[in-house]
Amino acid sequence: MPDWKIAIIKVVFIWCWTLIVAVIMTWVERRGAAMIQDRLGPNRAGPFGLLQPLADGIKLFTKEDIVPARAQKYLFTLGPVMFALPAFSAYAVMPFGDKITLGGKEIILQISDVSIGILYVVALGSIAVYGMIIGGWSSNNKFSILGGLRSTAQLISYEVPWGLAILAAVMLYGTFSMREVSLAQQGTFLGFLPNWGIFKQPLGFILFIVAAYCEANRVPFDLPEAESEIVAGYHTAYGSMRLGLYLFGEYINLYTLSAIIVTLYFGSWHLPYVDMSTFLGPISYGIATFLVFFLKVAFFLWLFVWVRWTVPRFRYDQVMGLGWKTLIPIGLFNLFITALFIQLSI
Amino acid sequence: MTAESQCRIYPEAINEPEPSGDYVHINIGPSHPAMHGTLRIITTTDGESVINAEPEIGYLHRGVEKLGENLNYTQFIPLTDRLNYCSAAANNVAYEMTVEKLMGLEVPEKAQLIRIILMELARIADHQVCVGILGVDLGAFTPFLYLFIQREEIYEIFEKTNGTRLTNTFGRIGGVDTDLPEDFGPMWNKLRDGIRKANDETDRLLTHNRIFMDRAIGVTPFSAEDALNWGFTGPCLRACGVKRDLRRDEPYYMYDSFQFKIPTGENGDVFDRYMVRMIEMEESVKIIDQAYEMYRQMPEDAPLMARVPKIIKPPAGEVYHAIESPNGELGFFIKSDGTSNPYRIKIRPPCYMIYQAFPELVQGEMIADLIACLSSLNIIAGELDR
Amino acid sequence: MNLERRVRICLESNALSVEETAGDITVTVPAGRLVDSLMALKEHPDLKFDFLSDVIGIDNLDLFRKKKGKGKAAEEEPPEKKVKAPPPPRFEIVYLLLSLESSERLRVKIQVPENDMTVDSVTSIWRAASWPEREIYDLFGINFLGHPDLKRLLMWDGFKGHPLRKDYPLEGKGETRRLVYEQEKIR
């Protein structure tokens with residue numbers, strides 16, 4: 001099989017997989033919230049309400065597409081696209097397993113192993129901000145503008161500690177490639193711990209996960225769409241599938257962020273203390289690594305839901321204060337410590 | 001922001017022109033997720049901070065007082081349900097007590113106890129709504145539902161008592177129409193545990209939560225002098241540190257024979273108001289326990305109604321009576337001209353007085369604080385607009 | 001000393017009459033001396049009525065009609081003509097006072113004739129009077145001198161009439177509030 005065919009198969013597969021995960025996430029979110037809150041949640045459409053996302057999708061697609069009379073029409077259309085597109089594109093460099101050997105040909109389970117993979121993801125994350133600010137500004141609504149402003153301020157400030165956390169990790173692994181980062185986490189650390197990023201970068205992990213919640217606009221950082229304050233924030237004026245794109249983009253973002261967390265800090269597709277490649281066949285090994293990776297991602301996806309229904313929301317100035325006054329100093333400190341340890345060559 | 005980007009729907013919505021400089025009007029409500037009912041606040045903001053907030057009320061004005069002048073005394077009871085619909089039983093009793101005071105009726109003891117029990121249940125339900133909504137407005141949705149499960153159980157008791165859940169139309173002038181349900185004892189035992197459990201869970205999810213504390217402590221504080229000057233009553237006044245509770249200070253029924261504490265706060269901020277309500281729920285539970293104990297001592301065939309004439313025609317005169325409703329002093333002023341219709345009914349809703357101080361409370365705070373403050377004051381549009 | 005005597009001592013000649021119904025005491029003071037009387041009641045060491053519960057407006061139009069016993073014919077007569085003649089003023093305003101120390105309550109009443117519908121505002125003593133006075137302005141049409149922000153409270157700004165007056169029909173006078181969208185105006 002020529003390489004380009006393999007590449008297309010991988011692209012189609014991962015694209016469908018992402019869509020399915022995002023769709024299932026909407027269901028998990030609602031059922032999970034219901035479970036946490038002692039209620040049932042959607043349980044009418046299909047078994048366990050599993051077809052609920054489908055029903056939602058049909059509803060969103062068949063709704064009237066309204067553009068507010070005084071909105072900036074083209075920007076209004078561009079907003080959700082700008083938001084959802086980077087979220088999808090981030091998968092180009094995301095590993096979803098180790099490798100699979102088919103007919104003597106080694107296929108890595110990653111669309112493309114770019115040498116600046118992590119930078120690429122960070123860059124795409126920053127573009128998504130434009131989706132929010134354009135959406136908020138173009139709908140010509142004060143609540144939307146407030147939401148857009150909040151999202152910009154918040155995302156820009158949290159990209160700094162996010163970047164610092166990533167920087168420390170990159171210094172540790174000495175590479176920007178997601179695959180090489182994953183490969184570096186095999187084996188054990190200090191003899192008894194799995195050789196995972198979290199054990200080498202505990203502070204960095206905390207920084208990263210806090211900033212990730214902020215990037216994903218999730219509680220406690222859901223200020224851009226704080227329902228009780230500014231109605232729905234930047235997507236107040238949106239309806240039908242345009243709104244759908246925003247919501248969908250958000251869930252895809254969650255998946256992206258969880259995947260990065262797993263890649264950088266949780267040993268990617270590796271199981272602790274067990275090397276699966278030694279006793280599994282080439283194909284089953286590929287599938288097993290894929291499953292291990294996805295299970296870890298699923299845990300973090302669940303964590304997003306769990307946190308959302310547990311804690312209240314920050315206030316705008318508190319978010320800014322936390323970002324600039326707490327996280328950035330910690331990030332710099334973490335960077336310093338990492339550099340020190342690398343110099344002492346541990 | 002430019003002139004084009006204003007979101008003015010109604011030309012009369014904001015009477016002044018758009019402010020100059022960096023200020024922007026934001027019209028919060030009357031249809032907004034955080035405006036419980038139909039409140040509306042016209043805020044002038046500088047970015048996220050509130051320069052001025054002007055509440056505009058009357059969107060739920062139904063002319064209850066005018067209607068009351070054209071109904072007879074008993075017919076007015078259902079209208080009182082619709083004042084503070086979270087605690088309808090307390091409104092009913094407040095109105096009935098005023099008419100009874102005018103007529104010089106003495107309500108039988110058993111009826112008094114039933115009224116106390118249901119009023120305290122209504123107080124718990126009201127506080128649960130207020131605390132829950134405060135959580136929702138701060139972004140914590142889960143405690144709200146934990147509390148609402150118990151509120152549902154309270155409504156079960158109401159339903160068993162006289163067949164209604166939210167708008168009770170409970171009691172009649174001169175007593176109560178129905179006795180407590182026979183299985184009130186076991187129901188209450190179950191409910192008491194449930195309320196305590198829900199409060200405990202809320203405590204863990206909110207009270208000791210760092211984010212909640214940051215959002216609530218020191219937000220929109222109010223001094224005791226200001227609060228008294230503005231006519232604050234109820235939990236909002238007690239949060240400012242004034243130990244005033246009509247159940248203690250002007251005891252009606254048998255409240256002076258019950259053991260209960262009156263919680264007070266210090267700063268009158270959102271957190272104090274929240275804590276006062278949380279503690280009051282527990283105290284209400286204690287009151288119900290004691291009242292039910294006394295109720296059980298009563299003979300089964302004790303009267304539930306005083307001797308009331310078939311047509312209620314109080315003597316001419318004016319009377320005012322207030323009770324401690326969940327929100328504060330809920331008073332009714334009735335002027336009678338000796339006919340079967342009241343000549344004038346004036347309701348003194350507690351949150352009406354509290355809400356007028358709103359601009360003072362939120363000036364200089366942020367938009368998110370404005371929302372938190374509003375929920376902690378427990379403004380109910382029904383009793384605000386009447 | 002009972003409350004009635006203390007009030008009489010405090011207000012001296014300002015107390016036009018003191019009534020008692022069902023244990024509540026109502027003292028009537030001249031409308032012109034309202035602020036002074038309330039100040040005196042607030043500051044007097046034996047009374048200390050330092051909390052304003054509410055301000056209540058009352059329209060006595062129907063009471064006059066009944067007293068005169070004119071029956072139906074009188075009701076159809078336009079009210080403006082009727083009220084000019086008799087001395088008992090048409091409107092009353094009741095201030096509900098409360099003493100936080102002793103938990104005693106007192107009602108202070110003033111009478112407002114229809115030909116002079118202006119009363120001094122008590123917002124300088126209690127800010128709590130702010131909305132109740134606005135409400136009386138809205139629903140009865142009585143003006144308050146010195147009120148910082150006297151405008152309609154419950155009814156909308158363009159509303160004509162005062163709904164709680166007795167000559168205002170229960171079903172309204174057919175006022176409608178048409179909400180005009182600004183977009184409509186532009187096109």
Side-chain angles (χ1 to χ4, degrees), chain B residues 6 8-13 15 54-59 61 63 65-67 69-70 101-104 226 228-233 242 244 246 248-250 314-322 329 331 333 335-339 343-344 346-349 352-353 355-357 360 384-386, chain C residues 19-24 26 50-60 62-63 66 92 94 96 98 100 102-105 107 109 125-132 134-135 138-139 149 151-159 163-166 168-170 172 177 179-185:
Chain B
Q6 300 166 12
R8 291 182 56 178
I9 299 172
Y10 308 131
E12 78 219 286
N15 297 321
E54 206 200 323
E56 164 121 12
I57 70 169
Y59 286 90
H61 180 57
E65 289 168 4
K66 182 86 179 172
L67 286 171
E69 292 170 10
N70 294 278
K101 186 177 172 184
L102 187 63
M103 295 173 74
D226 280 349
L228 290 172
N229 196 4
W230 277 106
F232 276 41
T233 47
V242 182
R244 182 162 176 79
L246 294 184
R248 244 321 131 65
D249 295 322
E250 298 172 30
E318 293 166 10
V319 73
Y320 175 80
H321 185 73
E329 176 182 328
F333 173 88
K335 177 168 178 158
S336 156
D337 57 353
T339 60
Y343 185 75
R344 167 98 169 95
K346 172 75 168 70
I347 303 154
R348 189 234 185 248
Y352 179 69
M353 294 295 167
Y355 197 38
Q356 57 179 332
E360 194 110 324
L384 184 71
D385 294 348
R386 287 153 290 149
Chain C
E19 296 163 31
E20 195 191 323
T21 36
D24 294 1
T26 311
D50 48 2
F51 188 88
L52 180 75
S53 262
D54 205 352
V55 185
I56 297 161
I58 301 170
D59 180 5
N60 283 329
D62 279 1
L63 284 185
K66 251 173 231 147
E92 283 176 346
V94 183
L96 296 180
L98 166 71
L100 290 172
S102 58
S103 292
E104 285 169 323
R105 286 178 189 272
R107 289 202 290 269
K109 187 186 273 186
I125 313 177
W126 292 288
R127 317 263 327 247
S130 166
W131 276 13
R134 267 176 74 182
E135 189 186 316
D138 184 1
L139 303 180
D149 184 26
K151 57 185 182 192
R152 283 187 178 272
L153 182 73
L154 293 171
M155 311 309 287
W156 59 97
D157 287 345
F159 187 81
L164 268 186
R165 286 189 179 187
K166 287 284 176 182
Y168 188 89
L170 177 66
R177 185 185 194 186
L179 300 173
V180 187
Y181 285 83
E182 210 168 56
Q183 291 297 334
E184 269 176 47
K185 265 174 37 183

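Proteins get letters first, then strands, A, B, ... in listed order; numbering begins at 1 in each. If you're wondering where the values come from, they're calculated on a predicted model, not measured in any experiment.
If you measure heavy-atom distances from B:Leu246 to chain C, the contacts under 4.5 Å come from the side chain alone. Using a 4.5 Å cut-off between heavy atoms, B:Ala322 contacts chain C through its side chain alone, with no backbone atom that close. Residue B:Glu318 touches chain C through both its backbone and its side chain, counting heavy-atom pairs closer than 4.5 Å. For B:Asn70, the part lying under 4.5 angstrom from a heavy atom of chain C is the side chain only. In this structure, chain C has a heavy atom under 4.5 Å from the backbone of B:Phe232, while its side chain stays farther away. If you measure heavy-atom distances from C:Arg107 to chain B, the contacts under 4.5 Å come from the side chain alone. Only the side chain of C:Arg105 comes within less than 4.5 Å of a heavy atom of chain B; its backbone N, CA, C and O stay farther away. Contacts between C:Asp54 and chain B at a heavy-atom distance below 4.5 Å involve backbone atoms as well as side-chain atoms. For B:Lys66, the parts sitting under 4.5 Å from any heavy atom of chain C are the backbone and the side chain alike.
When the candidates C:Ala129, C:Ser102, C:Gly57 are compared by the number of heavy-atom contacts under 4.5 Å with chain B, C:Gly57 comes out ahead. Chain B forms more heavy-atom pairs under 4.5 Å with one residue of C:Pro163, C:Ser130, C:Pro132 than with any other, namely C:Pro132. Top candidate by heavy-atom pairs under 4.5 Å with chain B, chosen from C:Leu52, C:Val94, C:Leu100, is C:Leu100. Ranked by non-hydrogen atom pairs under 4.5 Å with chain B, the options C:Glu19, C:Arg134, C:Glu135 are led by C:Glu135. Listed options B:Glu65, B:Met103, B:Lys101 were ranked by heavy-atom pairs under 4.5 angstrom with chain C; first place goes to B:Lys101. Top candidate by heavy-atom pairs under 4.5 Å with chain B, chosen from C:Asp138, C:Leu139, C:Asp149, C:Asp59, is C:Asp59. In terms of heavy-atom pairs under 4.5 Å with chain B, the best-connected choice from C:Asp50, C:Thr26, C:Leu96 is C:Leu96.
Within the model, atoms CG of C:Leu153 and CD1 of B:Ile57 stand 4.0 Å from one another, a figure rounded to the nearest 0.5 Å. The CG atom of B:Leu384 sits 10.5 Å away from the CE atom of B:Met353 when rounded to the nearest 0.5 Å. Annotation: the span from C:Lys166 atom NZ to C:Asn60 atom CG amounts to 9.0 Å, rounded to 0.5 Å. We find the NZ-CD1 distance between C:Lys109 and C:Ile56 to be 10.0 Å, quoted to the nearest 0.5 Å. Annotation: the span from B:Arg348 atom CZ to B:Thr233 atom OG1 amounts to 4.5 Å, rounded to 0.5 Å.
Between B:Arg244 and B:Glu250 a salt bridge is recorded (basic side-chain N to carboxylate O distance below 4.0 Å).
B:Ser336 places no side-chain N or O within 3.5 Å of a backbone atom of B:Gly317 that could act as its donor or acceptor partner. Under the 3.5 Å distance criterion, the side-chain polar atoms of B:His321 are left unmatched by any main-chain donor or acceptor of B:Phe333.
Minimum heavy-atom separation, C:Trp126 to B:Asn229: CA-OD1, 3.2 Å.
Figure legend: cation-pi geometry between B:Lys346 and B:Tyr320 absent, as NZ or CZ is not positioned both under 6.0 Å from the six-membered ring centre and within 45° of its axis.
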